[in-house]
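The structure under discussion appears below in the form of structure tokens.
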Number of protein chains: 2
Amino acid sequence: MQDPCQAREVLGIVGDKWALLIVRTLKDGPRRFTELKRAIDGISQRMLTVTLRDLERDGILTRTVRNVMPPHVSYELTTMGRTLREATAPLLEWSITHLPHIDAARAAYDNR
Amino acid sequence: MQDPCQAREVLGIVGDKWALLIVRTLKDGPRRFTELKRAIDGISQRMLTVTLRDLERDGILTRTVRNVMPPHVSYELTTMGRTLREATAPLLEWSITHLPHIDAARAAYDNR
DNA sequence: GTTCTCGGTTACCGAAGGGTACCGAGGCAC
DNA sequence: GTGCCTCGGTACCCTTCGGTAACCGAGAAC
């Protein structure tokens, strides 16, 4: 790993809370906008729109519009997106397994 | 992975650009404040202070002060911090190797 | 005595994050 | 007709994030 400082700007994108969760949710295939909104608890409509747009711009996922009414827009990981998914999986797993430890550490810190 | 939504708040911490870079920089042992500042190109003094404090609070690293003058403060990963380091390594590596692809995708998107 | 160092803290302020209300067009019930 | 629903997205607005710059205190170097 020769230049971690150049990675800074990339981390600004993929090291985003919502981006990580979106990529994770798309791991099993394409999803529609509203499906993502329902699957990712707590994300607002605006943040979903904005983050999807950013990820599309960066080539992580594709956006496919079918011109029907009501609108049908589906999002799917690109090849690069799938490699990103693999790279982020350990971090997501870590977050879930260590959530209680972090809560405990934080409580201990705040009681000092 | 049963509850990705609870992971959201954890990701708010560890999925932070600066936190990822700090954890990475500490992988080879303790570092002093100014060493970190020099190693992590582009971080401001304020963000280094704030992020270190958050990571200490969450039990990712320890802060050791030696009461000498000039001050000597060193930061070191905890056991949990080292497991986090392992979980984030793939993402950092991915960021560095895919930086050019992302730049290209973004340029293509913006030219549309 | 002036200036440098380390490891911060604080005030200021612009930029970015993020929630809510609203939109448009078709379908359906009545 | 008239309501009201859905889907995907935007406009508005407030709040937090985060960079810059100034300051600190005590020793040490010049």
Side-chain angles (χ1 to χ4, degrees), chain A residues 5 7-23 25-26 29-58 60-76 109 112, chain B residues 5 7-23 25-26 29-58 60-76 106 109-110 112:
Chain A
C5 298
R8 189 160 37 102
E9 61 171 298
V10 183
L11 287 174
I13 308 148
V14 301
D16 174 72
K17 179 176 62 175
W18 296 126
L20 288 169
L21 291 172
I22 288 174
V23 168
T25 307
L26 288 176
R31 289 278 178 274
R32 300 181 58 175
F33 185 88
T34 311
E35 288 180 311
L36 288 169
K37 186 155 153 35
R38 271 193 290 263
I40 302 170
D41 192 57
I43 195 168
S44 71
Q45 197 136 348
R46 185 187 176 280
M47 282 319 295
L48 183 54
T49 303
V50 170
T51 310
L52 285 171
R53 200 78 74 202
D54 287 346
L55 292 175
E56 185 199 2
R57 177 166 179 254
D58 292 331
I60 307 293
L61 50 80
T62 57
R63 177 171 179 271
T64 310
V65 184
R66 242 177 293 167
N67 268 330
V68 291
M69 201 49 76
H72 187 115
V73 181
S74 65
Y75 296 88
E76 184 170 16
Y109 184 93
R112 279 199 289 126
Chain B
C5 300
R8 188 158 39 101
E9 60 171 297
V10 183
L11 287 174
I13 308 148
V14 300
D16 173 72
K17 178 176 63 174
W18 297 127
L20 288 170
L21 290 173
I22 287 174
V23 167
T25 307
L26 288 176
R31 287 279 179 274
R32 298 181 59 174
F33 184 88
T34 310
E35 287 179 314
L36 288 169
K37 188 155 153 37
R38 270 194 290 262
I40 303 169
D41 192 58
I43 195 168
S44 68
Q45 192 141 343
R46 185 183 176 282
M47 282 318 294
L48 183 54
T49 303
V50 170
T51 310
L52 285 171
R53 201 77 76 202
D54 287 346
L55 292 174
E56 185 199 1
R57 178 167 179 253
D58 292 331
I60 307 295
L61 50 80
T62 57
R63 177 170 179 271
T64 308
V65 185
R66 241 178 294 166
N67 266 330
V68 292
M69 201 49 77
H72 187 114
V73 181
S74 66
Y75 297 88
E76 185 169 16
R106 202 180 291 185
Y109 183 95
D110 292 344
R112 277 200 292 125

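For the numbers below, each heavy atom of this structure counts, side chains included, while hydrogens, waters and symmetry mates do not. Chain letters run A, B, ... following the sequence lines, proteins first and then strands; every chain starts at 1.
Across B:His72, B:Arg38, B:Lys37, a single residue satisfies side-chain contact (heavy atoms from CB on, under 4.5 Å) together with B:Arg32, and that is B:His72. Paired with B:Glu56 under the rule side-chain contact (heavy atoms from CB on, under 4.5 Å), one option of B:Thr62, B:Thr51, B:Leu61 passes, and it is B:Leu61.
In terms of phosphate contacts, A:Trp18 brings no side-chain nitrogen or oxygen within less than 4.0 Å of OP1 or OP2 of C:dG19. Taking 4.0 angstrom as the limit, A:Arg53 places a side-chain polar atom (N or O) nearer than this to OP1 or OP2 of D:dT10. Close to D:dC23, at under 4.0 Å from its OP1 or OP2, lies no side-chain N or O of B:Arg46. Here A:Arg32 reaches the OP1 or OP2 of D:dG8: one of its side-chain N or O atoms lies under 4.0 Å away. Remark: B:Tyr75 is in phosphate contact with C:dG8, judged by side-chain N or O atoms under 4.0 Å from OP1 or OP2. Within the structure, a side-chain polar atom (N or O) of A:Thr34 is placed less than 4.0 Å from OP1 or OP2 of D:dG8.
Two residues are said to be in side-chain contact when any heavy atoms from C-beta on lie closer than 4.5 Å; B:Phe33 and B:Leu52 meet this criterion. Looking at A:Ile22 and A:Leu48, their side chains come closer than 4.5 Å, going by heavy atoms from C-beta outward.
Nearer to the 5' terminus of DNA chain D, by closest-nucleotide assignment, is the contact made by A:Pro71 (compared with the other of A:Pro71 and A:Thr49).
Rounded to an integer number of Å, the gap from A:Asp16 CG to C:dG18 C1' is 12 Å. One interatomic measurement links the two molecules: CD1 of B:Ile40 to P of C:dG7, which rounds to 14 Å at whole-angstrom precision. Spacing between atom CG of A:Leu48 and atom C1' of C:dT20 amounts to 15 Å, rounded to whole angstrom units. Between the CD atom of A:Glu56 and the P atom of D:dG8 there is a distance of 14 Å, given to the nearest Å. What separates CG of A:Asp54 from P of C:dA16 is a distance of 12 Å, to the nearest Å. B:Met47 has its CE atom 17 Å from the P atom of D:dA21, to the nearest Å. The distance between atom CD of B:Gln45 and atom P of C:dT9, rounded to the nearest whole Å, is 10 Å. Regarding B:Arg31, its CZ atom lies at a distance of 16 Å from the P atom of C:dC6, rounded to whole Å.
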message = Evaluate B:Arg57 against B:Ile13 for side-chain contact (heavy atoms from CB on, under 4.5 Å), listing each step before the verdict.
response = CA-CA 11 Å; B:Arg57 178 167 179 253; B:Ile13 308 148; over 6 Å; no
